[in-house]
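For reference, positions follow the sequence shown, starting with 1. Computed over heavy atoms, backbone and side chain alike; hydrogens, waters and symmetry mates excluded.
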Amino acid sequence: MYTIGIDLGTSAVKLLLVDEQGQICNSVTREYPLLFPQTGWSEQHPEDWWTAVSASIPQLLDGFDASAVTGIGCCGQMHGLVILDEHDAVIRPAILWNDGRTAEETAWLNTVVGREKLSELTANIAFAGFTAPKLLWLRKHEPENFARIAKIMLPKDYVNYMLTGVHSCDYSDASGMLLLDVAHRRYSEEMLSLCGLKPSQMPALYESYQVIGTLLPDVAAALGLRSDVRVVAGAGDNAGAAVGTGVVGEGGCNISLGTSGTVFISSKRFGKDPFNALHAFAHADGGWHLMGCMLSAASCNKWLCDEILKTRNYAAEQVDITYDKLGRSHVFFLPYLMGERSPINDSDARGVFFGLSMDNTRADLVQAVLEGVAFAIRDSLEVARSIGLSIPRSYLCGGGARSELWRTILANVLNIPLDLPRTEEGPGYGGAMLALVGCGAYDSVAACADALTGVKATVEPDPVLAARYEERYQKFRKLYPAMKNLFQEVK
């Protein structure tokens, strides 16, 4: 038995072929364009996702018995607004999770509707990246497109629709719409009404491991698969990554250092942050989780190297950052290149280098970026600690986690051990695991995680270095409050 796990990322899709024992037998990655129509805007063509997925599956299966594939699970970027017309045609490019155009709509939701009311209805307040503010923006600025909406979807749900013809969404991904009553796992009729929507425009809700349907016959033929291949609902990328690292059930933590950065804390019981700095979402294992999300994490290092230093040799840029320099640089970096979500919720915030002098080098800039991202991740961890959660250690995954230097910085900034998962594929592996559950190979997500996940190595903090970073972090946390009003004035 094989299952296919799909990780629908922001810049590329990655597909995994996984057997029943959890062995990754093959993988394929295919990139697609990211559009920035205006400063702070971020869009993609949903058709590009499907083109990439449908072209990659035959390549993934090359040399393998395609008839042994029994299931597909897709995990993907959250919050993106995909709208279809009455013929299920895409109306306009998807507005993505890191799009910052909805500051006005977000403020209206949080002040006029009110944070307390939003939290009561959805367990969350409005953030610029969420789906509901995008819908309000669309209704105001593109009323002709809004009037044509027959169905709303999230990015991975469009892929699932193209595979099965079913309009679906899982609870973990739907939690980030600001349209779901997370505690009761159902759409909030009041929130739908506020956004001018009817229940018929929403996709059907499923647990992440539930089967939504099987492949359409013509799709199966084109992909070289059997038409009885089961497709599960899948999950938002962070919930999928948590499943893929084994963070299920009560009290687990996973930190993802990908395009965005997240702190993911799982629970068997529903609970929310009383300050609403952390998101309260459903989990792909049938439970819930709290999550802090920063919009720009590994993408900050990619931006610095690609666009400013004009290199893609990221490892070479870190060679001169020796251990003795860690925690001693006087250069700070605020990693708010696309605004920020947790915990500051400020779409006007922007990236800043602070403390530069004539003797600084390119290595100092790279170090400042790596440290700035780590400090911002700690901001979310501090919120979790402030509400009484104990986080003695965490898993660490994502592309940035491949850097030994960045792992060392993060472990010492957070001052906790960081466990590296046995399998590093995060959302794609989680998607394949959810498909294994949907196909009956395992009775539950927890049982699948127990069997297929584990720790391959641990990064321990060093007391001396952790003390140095503690001093640096206390200085870092003063920078944003000092600049907050300036961000609004100079935008």
Asks: Between Glu105 and Lys134, is there a salt bridge with N-O shorter than 4.0 Å?
Replies: no
Asks: Do Arg101's NZ or CZ and the ring of Trp137 fall within the cation-pi criteria of under 6.0 Å and 45°?
Replies: yes
Asks: Would you indicate whether the side-chain heavy atoms of Ile152 and Val82 approach each other to under 4.5 Å?
Replies: no
Asks: Within a strict 4.5 Å, meaning less than it, do heavy atoms of the Ile57 and Ile4 side chains meet?
Replies: yes
Asks: Report yes or no: does Tyr442 contribute a side-chain atom to a donor-acceptor pair with the main-chain N or O of Glu20 at less than 3.5 Å?
Replies: yes
Asks: With a cut-off of 6.0 Å (strictly less than), are more than 12 heavy atoms of other residues, nucleotides or ligands near CD of Glu31?
Replies: no
Asks: Counting neighbours of CG on Asp62 that are heavy atoms of other residues, nucleotides or ligands and sit closer than 6.0 Å, is the number greater than 12?
Replies: no
Asks: May I ask you to check if Arg185 and Tyr171 form a cation-pi contact, with NZ or CZ under 6.0 angstrom from the six-membered ring centre and within 45° of the axis?
Replies: yes
Asks: Could you walk me through whether Asn124 and Thr122 pass the side chain to side chain donor-acceptor pair (under 3.5 Å) test, one step at a time?
Replies: CA-CA 5 Å; Asn124 297 279; Thr122 72; 4.5 Å; no
Asks: Under a 4.0 Å N-O cut-off, is there an ion pair linking Arg92 with Glu43?
Replies: yes
Asks: Keeping the roles fixed (side chain from Ser256, backbone from Gly398), state whether a donor-acceptor pair exists under 3.5 Å.
Replies: no
Asks: Surrounding CD of Glu86 (heavy atoms of other residues, nucleotides or ligands, distance under 6.0 Å), is the total greater than 12?
Replies: no
Asks: With distance as the sole criterion, is a donor-acceptor pair present between the side chains of Asp170 and Ser208 under 3.5 Å?
Replies: yes
Asks: Compute the centroid of each ring, for His283 and then for Phe264, and state whether the two points are separated by less than 6.0 Å.
Replies: yes
Asks: Would the distance check show the side chain of Ser342 and the main-chain N or O of Leu278 forming a donor-acceptor pair, the cut-off being under 3.5 Å?
Replies: no
Asks: Verify the distance criterion only: is there a donor paired with an acceptor across the side chains of Asn98 and Ser42 at less than 3.5 Å?
Replies: yes
Asks: Using atom types as modelled and distance alone, determine if a side-chain donor or acceptor of Arg407 lies under 3.5 Å from a backbone N or O of Ala401.
Replies: yes
Asks: For the pair Ser56 and Arg30, evaluate side chain to side chain donor-acceptor pair (under 3.5 Å) and give the outcome as yes or no after the intermediate values.
Replies: CA-CA 7 Å; Ser56 297; Arg30 194 175 296 263; 3.1 Å; yes
Asks: Would Arg393 and Asp419 count as a salt bridge (charged side-chain N to carboxylate O under 4.0 Å, His left out) here? Give the steps.
Replies: CA-CA 8 Å; Arg393 65 191 310 120; Asp419 296 320; 2.8 Å; yes
Asks: Between Ser296 and Tyr336, is there a side-chain heavy-atom distance shorter than 4.5 Å?
Replies: no
Asks: With rounding to the nearest 0.5 angstrom, report the CG to OG distance, Asp99 to Ser347.
Replies: 10.0 Å
Asks: Quick one: do Val182 and Phe270 satisfy side-chain contact (heavy atoms from CB on, under 4.5 Å)? Show the steps, please.
Replies: CA-CA 8 Å; Val182 176; Phe270 171 74; 4.1 Å; yes
Asks: So which pairs with a foot in residues 111-131 pass ring pair (Phe, Tyr, Trp, His ring centres under 6.0 Å), sequence neighbours left out?
Replies: His79-Phe130, Phe127-Phe130, Phe127-His279, Phe130-His279
Asks: With side chain to side chain contact (heavy atoms under 4.5 Å, CB included) as the test, pick out the partner of Leu16 among Ile24, Asn26, Asp7, Thr423.
Replies: Ile24
Asks: Ignoring hydrogens and angles, tell me if any N or O in the side chain of Ser168 forms a donor-acceptor pair with the backbone of Ile212 under 3.5 Å.
Replies: no
Asks: To the nearest 0.5 Å, what is the distance between CD on Gln59 and CG on Leu17?
Replies: 12.5 Å
Asks: Could you name each residue pair satisfying side chain to side chain donor-acceptor pair (under 3.5 Å) that touches residues 173-182, not counting sequence neighbours?
Replies: Lys156-Asp173, Asp181-His184
Asks: Does the distance from a Lys or Arg side-chain N to an Asp or Glu carboxylate O, for Lys151 and Asp88, drop under 4.0 Å?
Replies: no
Asks: Does Leu121 offer a backbone N or O that forms a donor-acceptor pair with the side chain of Glu190 under 3.5 Å?
Replies: no
Asks: Salt bridge between Glu382 and Arg378, side-chain N to carboxylate O under 4.0 Å?
Replies: yes
Asks: Classify the side-chain pair Lys14/Ser27 by whether it contains a donor and acceptor separated by less than 3.5 Å.
Replies: no
Asks: Of Ile72, Leu8, Thr164, Val231, which is the lone residue that meets side chain to side chain contact (heavy atoms under 4.5 Å, CB included) with Val159?
Replies: Leu8
Asks: Where the side chain of Gln77 meets the backbone of Gly9, is there a donor-acceptor pair that is under 3.5 Å apart?
Replies: yes
Asks: If I take atom SG from residue Cys25 and atom CZ from residue Phe64, how far apart are they, to the nearest 0.5 angstrom?
Replies: 5.5 Å
Asks: Any idea how Tyr161 and His167 line up, ring-wise: parallel (<30°), tilted (30 to 60°), or perpendicular (>60°)?
Replies: parallel
Asks: Does the side chain of Leu118 come within less than 4.5 Å of Leu109's, by heavy atoms?
Replies: yes
Asks: Calculate, to the nearest 0.5 Å, the distance between atoms OG1 and CG belonging to Thr131 and Leu81 respectively.
Replies: 6.5 Å
Asks: Do the side chains of Lys140 and Glu104 get close enough for a salt bridge, i.e. N-O under 4.0 angstrom?
Replies: yes
Asks: Evaluate the ring planes of Phe487 and Tyr480, with Trp represented by its six-membered ring, and classify them as parallel (under 30°), tilted (30 to 60°) or perpendicular (over 60°).
Replies: parallel
Asks: Does the side chain to side chain donor-acceptor pair (under 3.5 Å) test come out yes or no for Glu250 and Ser267, once each step is laid out?
Replies: CA-CA 4 Å; Glu250 186 66 32; Ser267 177; 3.3 Å; yes
Asks: Could you check whether atom CG of Asp443 has more than 12 heavy atoms from other residues, nucleotides or ligands sitting under 6.0 Å from it?
Replies: no
Asks: Taking Leu452's backbone N and O only, do any of them form a donor-acceptor pair with Arg422's side chain (distance below 3.5 Å, no angle check)?
Replies: yes
Asks: Would you confirm whether Ser260, through its side chain, and Leu295, through its main-chain N or O, come within 3.5 Å as a donor-acceptor pair?
Replies: no
Asks: Say you draw a straight line from CE of Met177 to CE of Met153; how long is it, rounded to the nearest 0.5 Å?
Replies: 9.5 Å
Asks: What's the separation between atom CD in Glu340 and atom CG in Leu337, rounded to the nearest 0.5 Å?
Replies: 9.5 Å
Asks: Does a side-chain heavy-atom distance below 4.5 Å link Leu136 with Trp108?
Replies: yes
